[in-house]
Colleague: 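One structure, as structure tokens, below. Some questions next.
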Amino acid sequence: MNDDEKQKLYIAVRSSLNSILVSTPNLISRMATINCLLSEAFPHYYWTGFYLLDENKPENLVVGPYQGTMGCLHIPFGKGVCGTVAATGEAMIVDDVHALANHIACDSKSRSEVVVPVWDGDNNLLGVFDVDSTELASFNEVDKVNLVGIMQDMFSNP
Ligand code: SME
């Protein structure tokens with residue numbers, strides 16, 4: 001899929017999410033629906049889901065709604081891509097997860113990923129949104145920018 005096709009699909013998914021979820025403020029429903037529409041739309045999405053702040057353990061993430069093979073349940077801040085994004089608040093694209101020293105191998109089929117932070121309307125971190133692909137270098141700025149925008153629509157300016 002080239003970048004133009006990707007961008008068009010993201011615009012379509014983003015607009016569907018905005019119209020479907022306008023009357024659904026529940027965060028878990030929003031997360032589940034985001035996972036569903038994005039993973040249905042994009043063939044390169046192998047694992048799609050949220051890691052949320054663990055209310056029982058500071059500076060730790062716990063798995064939230066996802067679609068795909070079984071994800072790791074707990075990820076400490078700073079560990080792997082998700083933990084790094086939670087610690088820094090900066091989105092990350094990883095072309096080859098095997099080249100990353102502290103990558104967490106929940107599923108050995110995952111080869112590349114994009115992870116973006118999820119903020120609420122008061123700028124508090126809720127968690128991260130993680131997408132993994134079985135191919136190398138599946139994600140680029142088009143994915144990152146659109147995913148950041150979707151998270152803002154759904155959780156920062158709901
Ligand atoms: N990819 C993540 C771990 C979670 S899963 O792949 C489902 C990471 O390295 O942070």
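Since this is a predicted model, take the numbers as computed values, not measurements. Atoms within a ligand are numbered from 1 in the order they appear, just like the ligands themselves.
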Colleague: Determine, for Lys144 against Glu141, whether the closest basic-nitrogen to carboxylate-oxygen distance falls under 4.0 angstrom.
Modeller: yes

Colleague: What I want to know is whether Cys82 and ligand 1 share at least one N or O pair that is separated by under 3.5 angstrom.
Modeller: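 By distance alone, the answer is yes.
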
Colleague: Examine ligand 1 and decide if any of its atoms is less than 4.0 Å from a heavy atom belonging to Tyr66.
Modeller: no

Colleague: With a 4.0 Å cut-off on heavy atoms, does Asp132 reach ligand 1?
Modeller: yes

Colleague: Indicate yes or no for a side-chain donor-acceptor contact from Arg30 to the backbone of Phe155 under 3.5 Å, with no hydrogens or angles considered.
Modeller: no

Colleague: Please report the C-alpha distance between Tyr51 and Phe129 in whole Å, then the side-chain angles of each, then the deciding distance to 0.1 Å, and finally whether the ring pair (Phe, Tyr, Trp, His ring centres under 6.0 Å) criterion is met.
Modeller: CA-CA 6 Å; Tyr51 278 92; Phe129 179 65; over 10 Å; no

Colleague: Would you say Asn18's side chain and Asp153's backbone share a donor-acceptor pair under 3.5 angstrom?
Modeller: no

Colleague: State whether the shortest distance between N or O atoms of Trp47 and N or O atoms of ligand 1 falls below 3.5 angstrom.
Modeller: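 Looking only at distances, the answer is no, because the N/O contact criterion of under 3.5 Å is not met.
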
Colleague: For ligand 1, find out whether one of its N or O atoms is nearer than 3.5 Å to an N or O atom of Gly83.
Modeller: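 Checking ligand 1 against Gly83, no N or O pair falls under 3.5 Å apart.
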
Colleague: Out of curiosity, Cys82 SG to Asp132 CG, how far, rounded to the nearest 0.5 Å?
Modeller: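 Answer for the SG-CG pair, Cys82 versus Asp132, is 7.0 Å.
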
Colleague: Report, in ascending order of atom number, the atoms of ligand 1 lying under 4.0 Å from any heavy atom of Asp130.
Modeller: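 Those of ligand 1 that fall under 4.0 Å from Asp130 are 1 (N), 2 (C), 4 (C), 5 (S), 6 (O), 7 (C).
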
Colleague: What protein heavy atom sits nearest atom 8 (C) of ligand 1, and how far away is it?
Modeller: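 That would be Val81 N, 3.5 Å.
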
Colleague: For atom 5 (S) of ligand 1, what is the closest protein heavy atom, and at what distance to 0.1 Å?
Modeller: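 Its nearest protein heavy-atom neighbour is Cys106 SG, 3.4 Å.
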
Colleague: Answer yes or no: is there a donor N or O on one side and an acceptor on the other, between the side chain of Asn60 and the main chain of Pro58, under 3.5 Å?
Modeller: yes

